[in-house]
Amino acid sequence: MASLVGAVLSGLTGDPESWTQRLGEIAPDLIEEIHERKQPSTGLPDLEVDGRAVLRFAPNPNGPATIGSVRGIIVNSEYARRYHGEFIIRFDDTDPKTKAPMLDAYTWYLDDCEYLGTVPDRVVYASDHLLEYYEYAKKLILMDKAYVCTCPRDEFKRYKDAKEPCPHRDADVDANLKHWGQMLDGGYPEGGAVLRIKTDIKHKDPAMRDWAAFRIVETPHPRTEIGDRFRVWPLLDFESAIEDHVLGITHIIRGKDLMDSEHRQRYIYEYLGWQYPKTLHWGRMKIHEFGRFSTSAISEAIADGTYSGWDDPRVPTLRALRRRGITAVAIRKFMIDLGIAETDISLSLDNLYAINRKIVDPAANRYFFVWDPVRIEILDAPSMVATPKYHPERDELRKIPAGSTLSVCRTDIEGLEAGDKLRLKNLYDIEIASIEPLVARCIGGTHGAWCATCEKPRYQILHWVPDEHVPVVVRAPDQTYGGIGEAGIVDEVGNIVQFERFGFVRIDSVDAGRVVAYFSHR
RNA sequence: GCUCCGGUAGUGUAGUCCGGCCAAUCAUGGUGGCCUUUCGAGCCAUUGACUCGGGUUCAAAUCCCGGCCGGAGCACCA
């Protein structure tokens with residue numbers, strides 16, 4: 001349509017301003033259309049959908065969902081929802097050895113999906129379908145599109161790099177059928193043979209040349225129903241190619257590291273006369289806060305005690321974010337806003353935190369938590385009960401009885417001198433009498449009760465905790481904070497609260513009077 | 001080495017397919033102010049970008065070529 005605009009404009013003379021003016025006179029609808037097309041959009045772009053939409057997320061359950069997996073779950077499920085289609089979780093658990101599946105992870109993935117608000121319409125286990133894969137392998141062998149290769153890896157690599165066929169490439173169908181049978185029956189040791197898909201050994205892209213589809217793995221599969229029933233396992237490109245077709249996947253949306261995988265798989269689709277799903281890829285994602293990470297590296301660090309588990313706040317898993325009180329709504333919005341650009345991105349979790357803060361702030365009760373506490377004696381302290389609000393927008397009050405000794409953050413009194421004045425929030429103003437020992441004197445009237453008309457604070461406002469308190473530890477990604485908090489915190493287990501002047505935390509547990517909180521964000 | 005992608009403010013992102021009200025959207029961050037008996041919250045203001053060089057065109061962020069930079073694949077991992 002816009003080309004029509006060009007046709008109109010090219011027939012005009014004069015300055016550009018008069019052109020558009022002229023166009024407005026001749027064809028105002030075109031002007032409107034230009035406006036429309038340039039409207040900014042947000043979130044995920046529209047998909048080309050022909051009939052129904054079936055999408056999948058296909059993790060190897062060799063660990064729990066990481067931030068990267070979460071992107072896959074959310075983007076795919078969001079599209080399925082948008083087009084009233086189907087969302088499938090498919091466990092690509094066909095490597096019992098190098099990246100062996102972890103039984104717990106299967107459950108964790110499904111649990112994480114539920115947390116994210118997207119229960120999959122179907123759950124599929126690739127390891128249930130070995131016999132089906134064998135069928136297709138046989139079919140391809142019969143078509144002379146696959147062959148058994150017994151070259152050692154580096155020897156095949158030499159052939160491949162030289163664009164030359166290995167000696168097994170030209171074996172006839174009968175020989176391949178026989179050797180394939182031997183693979184299945186244990187006639188070759190682990191590493192002794194692979195089944196390769198015939199592509200084009202002279203293909204300009206070395207990644208395409210006769211790729212391996214099956215190999216022998218003697219390690220039993222961790223799923224007990226599978227165990228040691230199979231010794232020939234498909235590789236991703238084969239397994240995924242078959243599954244995507246069988247499941248009727250219409251759109252594959254995943255990281256662009258699997259871009260070449262598509263080209264390899266297309267050979268199978270071509271041989272079998274299938275139509276490949278539409279594909280979309282997003283670029284590499286790097287999170288500032290976590291740097292480079294791999295599931296296996298985290299696994300090791302957990303094993304040696306560096307991390308407390310898969311939900312340690314320092315670990316980039318969804319389980320960790322959940323424990324920290326990052327809501328599903330925030331995570332979804334965060335991922336959807338990222339879109340699916342192919343650009344490699346390197347981003348900070350600040351965006352996620354900002355989204356979460358807006359969600360969590362209206363509901364989170366406020367509490368005093370004093371980290372690195374130091375006791376301060378108050379002379380002339382009136383005996384009183386402070387009544388700060390649970391939330392600045394609401395009228396419910398909490399009650400904190402204050403005695404003549406209180407605790408405040410060490411950093412708040414550092415650098416102060418005798419004579420300096422401070423306001424203790426919802427209590428009274430004090431004047432430092434001496435630093436060593438730390439003593440202050442109550443000055444002015446009390447203003448412990450909440451009142452909208454109280455005089456404006458004249459001094460820096462500090463939060464504090466009375467002698468009657470509970471020990472609190474806050475586990476944050478960067479460090480663990482030890483301190484004390486007001487007693488009411490123990491009633492907030494499972495909730496997200498704000499520790500004033502500290503940040504939002506999720507109260508995780510109370511064990512023998514000791515509170516454990518997980519840090520969300522500022 | 002071969003091959004495939006990508007490059008818009010500090011960070012993400014919209015616009016790129018189909019060139020034209022694009023001196024370029026939104027968010028986050030930075031800065032300043034206001035508000036507040038917490039705050040890095042809220043409100044207001046402000047800051048800041050089309051990777052470079054050629055070409056095509058009346059017109060280029062958008063199309064073409066080349067360079068530079070970044071990422072990925074070339075596994076008997078997924």
Side-chain angles (χ1 to χ4, degrees), chain A residues 1-3 5-6 9-10 12-13 16-17 19-21 23-24 31 34-35 37-43 45 58-60 62 92-95 97-99 149 152-153 156-157 160-161 163 190-196 203-209 211-217 233 235-237 239-240 255-261 263-264 281 283-284 286 288 295-296 334 337-339 341-348 350-355 357-358 361 366 368 388-389 392 423-427 447 450-451 454-457 459 461-463 498-504 521-522:
Chain A
M1 279 304 136
S3 57
V5 179
L9 288 177
S10 58
L12 295 171
T13 50
E17 272 182 35
W19 293 356
T20 37
Q21 203 177 5
L23 181 62
I31 295 267
I34 291 166
H35 275 286
R37 194 134 21 80
K38 289 293 185 181
Q39 281 312 305
S41 70
T42 46
N60 174 9
N62 64 333
D92 278 357
D93 55 349
T94 55
D95 173 15
K97 190 184 177 187
T98 317
K99 288 185 181 169
C149 170
R153 295 181 205 219
F156 181 81
K157 183 172 163 50
K160 185 195 69 181
D161 289 344
K163 298 186 180 182
E190 186 168 291
V194 294
L195 185 77
R196 293 189 180 280
H203 197 290
K204 62 174 180 169
D205 182 351
M208 295 303 131
R209 299 174 199 155
W211 49 271
F214 287 86
R215 84 299 211 185
I216 296 165
V217 182
W233 287 87
L235 284 133
L236 169 82
D237 285 320
E239 174 268 326
S240 183
K256 72 174 179 183
D257 49 316
L258 259 15
M259 242 173 188
D260 286 339
S261 191
H263 296 121
R264 281 191 288 265
H281 300 93
R284 201 186 70 139
K286 198 167 118 192
H288 293 330
T295 305
S296 47
F334 176 72
D337 284 353
L338 279 187
E342 282 183 26
T343 327
D344 300 317
I345 56 176
S346 171
L347 72 170
S348 151
D350 281 348
N351 269 274
L352 175 62
Y353 296 155
I355 297 167
R357 184 154 44 229
K358 287 189 177 79
D361 179 65
R366 270 56 175 169
F368 289 158
K389 284 183 164 187
R423 169 163 293 186
L424 296 173
K425 192 175 183 233
N426 300 99
L427 200 60
H447 33 263
W450 173 269
C451 72
C454 277
E455 58 175 315
K456 296 217 170 212
Y459 317 121
I461 300 159
L462 262 49
H463 67 292
Q498 189 195 52
F499 284 167
E500 295 196 23
R501 301 181 66 222
F502 182 77
F504 291 90
H521 43 71
R522 285 299 190 188

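Note that the structure is predicted; figures quoted are calculated from it, not measured. Quick note on labels: first sequence line is chain A, next is B, and so on, each numbered from 1.
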Which part of the nucleic acid, if any, lies within contact of A:Lys256, taking any heavy atom under 4.0 Å across all strands shown: a base, the sugar-phosphate backbone alone, or nothing?
base

Complementary nucleotide of B:G66, counting Watson-Crick and G-U pairs under 3.5 Å
B:C52

Do you know the tightest heavy-atom contact between A:Tyr459 and A:Arg423?
CB-N, 3.8 Å

What's the gap between B:A27 and B:A14 when it is taken at their C1' atoms, as a whole Å value?
11 Å

Expressed in whole Å, how much space separates the C1' atoms belonging to B:U51 and B:A9?
14 Å

Base paired to B:A75 (Watson-Crick or G-U; both N/O distances under 3.5 angstrom):
none

Once you apply the 3.5 Å cut-off to both distances, tell me the Watson-Crick or G-U wobble partner of B:U31, or none.
B:A45

Say you draw a straight line from NE2 of A:His463 to CG of A:Asn426; how long is it, rounded to the nearest 0.5 Å?
12.5 Å

Nearest to the side chain of A:His288, heavy atoms from C-beta on, is which of B:A72, B:G6, B:U11?
B:U11

Which nucleotide, B:G7, B:U28, B:G70, lies nearest any side-chain atom of A:Thr343?
B:G7

Span that lies between the C1' atom of B:G54 and that of B:C74, in whole angstrom
34 Å

Would you mind checking if A:Asp93 and A:Lys99 are paired as a salt bridge, meaning a charged N to carboxylate O distance below 4.0 Å?
no

Once you apply a heavy-atom cut-off of 4.0 Å, does A:Glu190 come out as touching a base, just sugar-phosphate, or nothing?
nothing

Rounded interatomic separation in angstrom, taking CD1 from A:Ile345 and C1' from B:U8
15 Å

A:Ile355 CD1 - B:A41 P separation (whole Å):
15 Å

Pairing nucleotide - B:G40, Watson-Crick or G-U, each distance under 3.5 Å:
none

Please name the residue in the list A:His263, A:Lys160, A:Met208 that meets the side-chain contact (heavy atoms from CB on, under 4.5 Å) test with A:His203.
A:Met208

What's the CZ-P distance between A:Arg522 and B:G30, to the nearest Å?
13 Å

By nearest-heavy-atom nucleotide on RNA chain B, the more 5' of A:Glu500 and A:Leu338 is A:Leu338

Roughly how many Å is it from CG in A:Leu236 to C1' in B:C76, rounded to a whole number?
14 Å

Mind checking who B:A9 pairs with, Watson-Crick or G-U wobble, both distances under 3.5 Å?
none

Ranking B:U28, B:C77, B:G73 by distance to the side chain of A:Asp350, first place goes to B:U28

Thinking salt bridges, do A:Asp95 and A:Arg215 make one under a 4.0 Å N-O criterion?
yes

Taking the same atom, P, in B:U62 and in B:G6, what whole-Å distance lies between them?
14 Å

With a non-hydrogen cut-off below 4.0 angstrom, is A:Arg366 in contact with a base, only sugar-phosphate, or nothing?
base

Nearest whole Å is fine: how far is B:C5 C1' from A:Leu258 CG?
13 Å

Please determine which of A:Asp92, A:Asn60, A:Thr94 meets the side-chain contact (heavy atoms from CB on, under 4.5 Å) test together with A:Leu236.
A:Asp92

Could you check which of B:A75, B:G1, B:C76 has an atom nearest any side-chain atom of A:Val194?
B:C76

Rounded C1' spacing from B:A41 to B:U28 in Å
15 Å

For nucleotides B:C63 and B:C17, find the distance between their P atoms and express it as a whole number of Å.
5 Å

Rounded to the nearest 0.5 angstrom, the CG-CZ distance for A:Asp161 and A:Arg209 is 7.0 Å

Assign A:Lys160 to base, sugar-phosphate, or nothing according to its heavy-atom contacts below 4.0 angstrom with the strands shown.
sugar-phosphate

With a 4.0 Å cut-off on heavy atoms, is A:Asn60 in touch with a base, just the backbone sugar-phosphate, or nothing at all?
sugar-phosphate

In whole angstrom, give me the gap between the P atoms of B:U16 and B:C21.
12 Å

A:Arg357 has an atom CZ; how far is it from atom P of B:U28, in whole Å?
9 Å

Below the 4.0 Å mark, does B:A27 have OP1 or OP2 next to a side-chain nitrogen or oxygen of A:Lys358?
no

A:Ser240 near the nucleic acid: base, sugar-phosphate alone, or nothing, with a heavy-atom cut-off under 4.0 Å?
nothing

Nearest whole Å is fine: how far is B:C76 C1' from A:Leu235 CG?
6 Å

Per A:Asn351 side chain, nearest of listed nucleotides B:A78, B:U11, B:C74
B:U11

Contact class for A:Ser261 (heavy atom, under 4.0 Å): base, sugar-phosphate, or nothing?
nothing

Could you please name the option among B:U11, B:U37, B:A72 that lies closest to any side-chain atom of A:Asp257?
B:A72

Flag the pair A:Arg264 and A:Asp260 as a salt bridge only when some basic side-chain nitrogen lies within less than 4.0 angstrom of an acidic carboxylate oxygen.
no

Given atom CG of A:Leu347 and atom P of B:A27, what is their separation to the nearest angstrom?
18 Å

Euclidean distance for P, B:U56 against B:G1 (whole angstrom):
33 Å

When you measure from the side-chain N and O atoms of A:Arg196 to the phosphate of B:C76, is any distance below 4.0 Å, counting only OP1 and OP2?
yes

Report yes if a side-chain nitrogen or oxygen of A:Thr98 is closer than 4.0 Å to either non-bridging phosphate oxygen (OP1 or OP2) of B:A75; otherwise report no.
no

Now, which nucleotide makes the Watson-Crick or G-U wobble pair with B:G20, with each of the two distances under 3.5 Å?
B:C58

Whichever of A:Gly339 and A:Lys99 has the more 5' nearest nucleotide on RNA chain B, that residue is A:Gly339

